[in-house]
Every structure is written in structure tokens, then in C-alpha cells.
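Note that ligands are numbered from 1 as they come in the structure, with each ligand's atoms numbered from 1 the same way. Position 1 is the first residue of the sequence, and the numbers go up from there. Small disclaimer: the values here were computed from a predicted structure and weren't measured.
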Amino acid sequence: MESRLKELQLEALKKIDEAIDLKQLNEVRVAYLGKKGPITEVLRGMGKLSAEERPKMGALANEVRGEIGQSLEKKQSKLERDAVEKQLASETIDVTLPGSPVKEGNHHPLTRVIEEIEDLFIGMGYQVAEGPEVEKDYYNFEALNLPKGHPARDMQDSFYITEEILLRTHTSPVQARTMEKHAGEGPVKIICPGKVYRRDSDDATHSHQFMQIEGLVIDENISMSDLKGTLQVFAKKIFGEEREIRLRPSFFPFTEPSVEMDISCKMCDGKGCSVCKRTGWIEILGAGMVHPNVLEMAGFDSKKYSGFAFGMGPERIAMLKYGVDDIRHFYTNDIRFLKQFHEHE
Ligand code: PHE
């Protein structure tokens, strides 16, 4: 019995030594120390032993079990350590390897133009104002000196939601709302970018939804020369110092007098080419002195206060600046188009 126990011990230690992972090691544990294992089996035969041999055998059996147990434990911690080391080795990072390139996004060309214009005006003391795209007929038209039935309403074909509510056709209602908020107290100096909607058929130069940027200044003693000076700074900063501007008489119900501003054509330097339709000039925006009716409707004393306003389309500006030939490129967001406006190259 003694030799059988020793034999089992050797066998077990050998198997422990050979175990290559925790699973195998556990199998050895179950096989040798488990209730159905050979050691238990041997001990069952103890009944046949003499009274003095029994305790000796018992002690020996315990010793064998202890040895096997210890050896199992040692091997277990070794295997565990090995596993951690293996994992560490497999997860090391070679910091000298070249990194995979990061795909960098960039601003949409329209966002860029809008932010550039905003920054320019913020630098001149303007605040950025916003208003709702779903607008009341009152702010979109009436408060801008376009009463119901006014023929000039037809200039801006509108999407009506109810009789009194529509999708704003321009950013000028933000003028009316801002003036009303100031309750007759100047100065007001705002720039308002935003989406506008018109019932147009989409083509290379028209879109049923587009952007506008509105500017409004109201204070005492504001004159047409303030407007001209402001537009001149704007044109030179956005299109280049060499650009000249000219103001042509025009008509908007909310401004009097009204003008349209052209810049000298960059392509031909004012000589005349296909881009400027041989005129040497390109139309950029509408503007004018705020109509006294508009001032009065918003609660301003038109004897004390005067102001100017202008409205422009960032799409048109972006098309001219970047040479884009179709307004729809800005909305279809073809990645090949957008990629050409990378700021960091
Ligand atoms: N709201 C006008 C338009 O959409 C543009 C404009 C704004 C003209 C402000 C004059 C003053 O056509």
C-alpha cells in the first residue's frame, strides 16, 4: 500500500509538471485528489490493515495528498503568471511604427463663408441674431412695409403653412423682430444668418431652400455713406482688396432708397467676360436705408433714428469665391466636392 501511494505521488507530480495550462492542471487535481481518485481508492483498503499500520498509512496518505496539493498550487501560480506575461508580450505596442492616418473632416464651404462674414462683422461691433424659420406673415411681410395684397409680395413666392404662417422667404423678419425687442431704443447692430425658403424650381442657380445673411444698423445719424463704407469693407475683405464696388438704384419695400451692390469682376478685372456677362460687374447683394414705415412699426421714432440694412446669399458668394457652377453642389454633399474645401492644406 505504501509503495502504491508513493507511486501515485510520483505519477501525480509528473502530470502536474507536464500540465501546460490551467485546464489540464485542474484535470490532474480532480483525477488524483478527487473522491473518485486512486488515493481515495487506496485508502478504502485501510480496513484490511493492522491497528498499528493504519495510522502510519493514514499519515503517509495525508503527506502524499499534501505534496500533490502544494505542487498543484505552485504550478497553478506559475501558469497564471505565464499567462499574464504572454498577454503582456502580445499586447506590447511598437511606438516606432508609423501611425494610421486620421481622416480629418472640414467645414462645409457654406459654413466657412458664413463664419468668415460673421467674424468680419463681429469685428466691427455687430451681434449675431437669429429668428424662426417658420415665421408669421406679419414679420415676414407686414412689419417690413409689405401689407397684404402688396404686389411686391410676388417677388418672393412663398410656402404658406396657414394663412398667417409661412416658411420665411428672407432673413429680413429678424430685422423686424430685433427692432421690436429694442422697443424704440438704439443703437441696433446685428447680422443674422439663416435658412430661407422660396417656391422656386431647383436649377443651377435656384434652390427652394437657401441661406441668407442680413445686416441691420440703427442709430442716430446713420446715413447712406455709412452703408456704402460698410459694404466697401465687406467686399474688399471677402473678395480681395482690389475689388471695387458700385451701388445701383433698386427697389425693396422695406428700404428707401434701395440699392443693389455689384463688385468688379475678379475673372476679367472689370474688363468684361462670360462670368460677369460682359458687364465687368457682378451683383452681390440688396441693401438700402431702412424705410421710415418699418422703423415706426417697430416703435422707433423715424425723426430721431435712421438705419441701413442689407441682405445677401452666402451660396452666391461661395460660388463666386470658389468658382462653383451649380448651387445644388452645396446641398447634395458629394464627398468629392466637399473634399476640395480643405482648410488645412
Ligand atoms: N430681403 C431682401 C431679399 O431677400 C434683401 C434685402 C435685405 C434688401 C435688406 C434690402 C435690405 O431680397
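Annotation for ligand 1: atoms under 4.0 Å from non-hydrogen atoms of Ser172 are 1 (N), 7 (C). Atoms of ligand 1 lying under 4.0 Å from at least one heavy atom of Gln175, given by number and element, are 9 (C). Applying the 4.0 Å criterion to heavy atoms of Glu214 picks out, from ligand 1, the atoms 7 (C), 9 (C). For ligand 1 and Ala309, the ligand atoms under 4.0 Å from any heavy atom of the residue are 9 (C), 11 (C). Distances below 4.0 Å separate heavy atoms of Gln212 from the following atoms of ligand 1: 3 (C), 4 (O).
Heavy atoms of Arg198 found under 4.0 angstrom from ligand 1 belong exclusively to the side chain. Only backbone heavy atoms of Ala287 (N, CA, C or O) come within less than 4.0 Å of ligand 1; its side chain stays farther off.
Arg112 and His107 get closest at one heavy-atom pair: CG-CB, 3.8 Å.
By the 3.5 Å distance cut-off applied to N or O atoms, His170 is counted among the residues near ligand 1. Backbone and side-chain nitrogen or oxygen atoms of Thr169 are examined, and none is located within less than 3.5 angstrom of a nitrogen or oxygen of ligand 1.
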If you apply the rule side-chain hydrogen bond (donor to acceptor under 3.5 Å, both in side chains), what do you find for Glu118 with Tyr126, and how did you get there? CA-CA 9 Å; Glu118 274 178 13; Tyr126 287 66; over 6 Å; no

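With Asn145 contributing its side chain and Val294 its backbone, the two residues share no donor-acceptor pair below 3.5 Å.
Between Phe341 and Phe337, the ring planes are perpendicular. Angles over 60° get that label, and only those under 30° would be called parallel.
Here the side chains of Leu295 and Ile218 are in contact, with some heavy-atom distance below 4.5 Å.
Remark: minimum distance from atom 2 (C) of ligand 1 to any protein heavy atom is reached at Phe254 CZ, 3.7 Å. If you check which protein heavy atom lies closest to atom 5 (C) of ligand 1, you get Gly311 CA, 4.1 Å.
The closest side-chain donor-acceptor pair between Asp202 and Tyr331, if any, does not fall under 3.5 angstrom.
Met312 does not count as a contact of ligand 1, since none of its heavy atoms falls under 4.0 Å from the ligand.
If you take CD1 on Ile284 and CZ on Arg316, they are separated by 5.5 Å, rounding to the nearest 0.5 Å.
Between Phe310 and Phe252, a ring centre-to-centre spacing not shorter than 6.0 Å is recorded.
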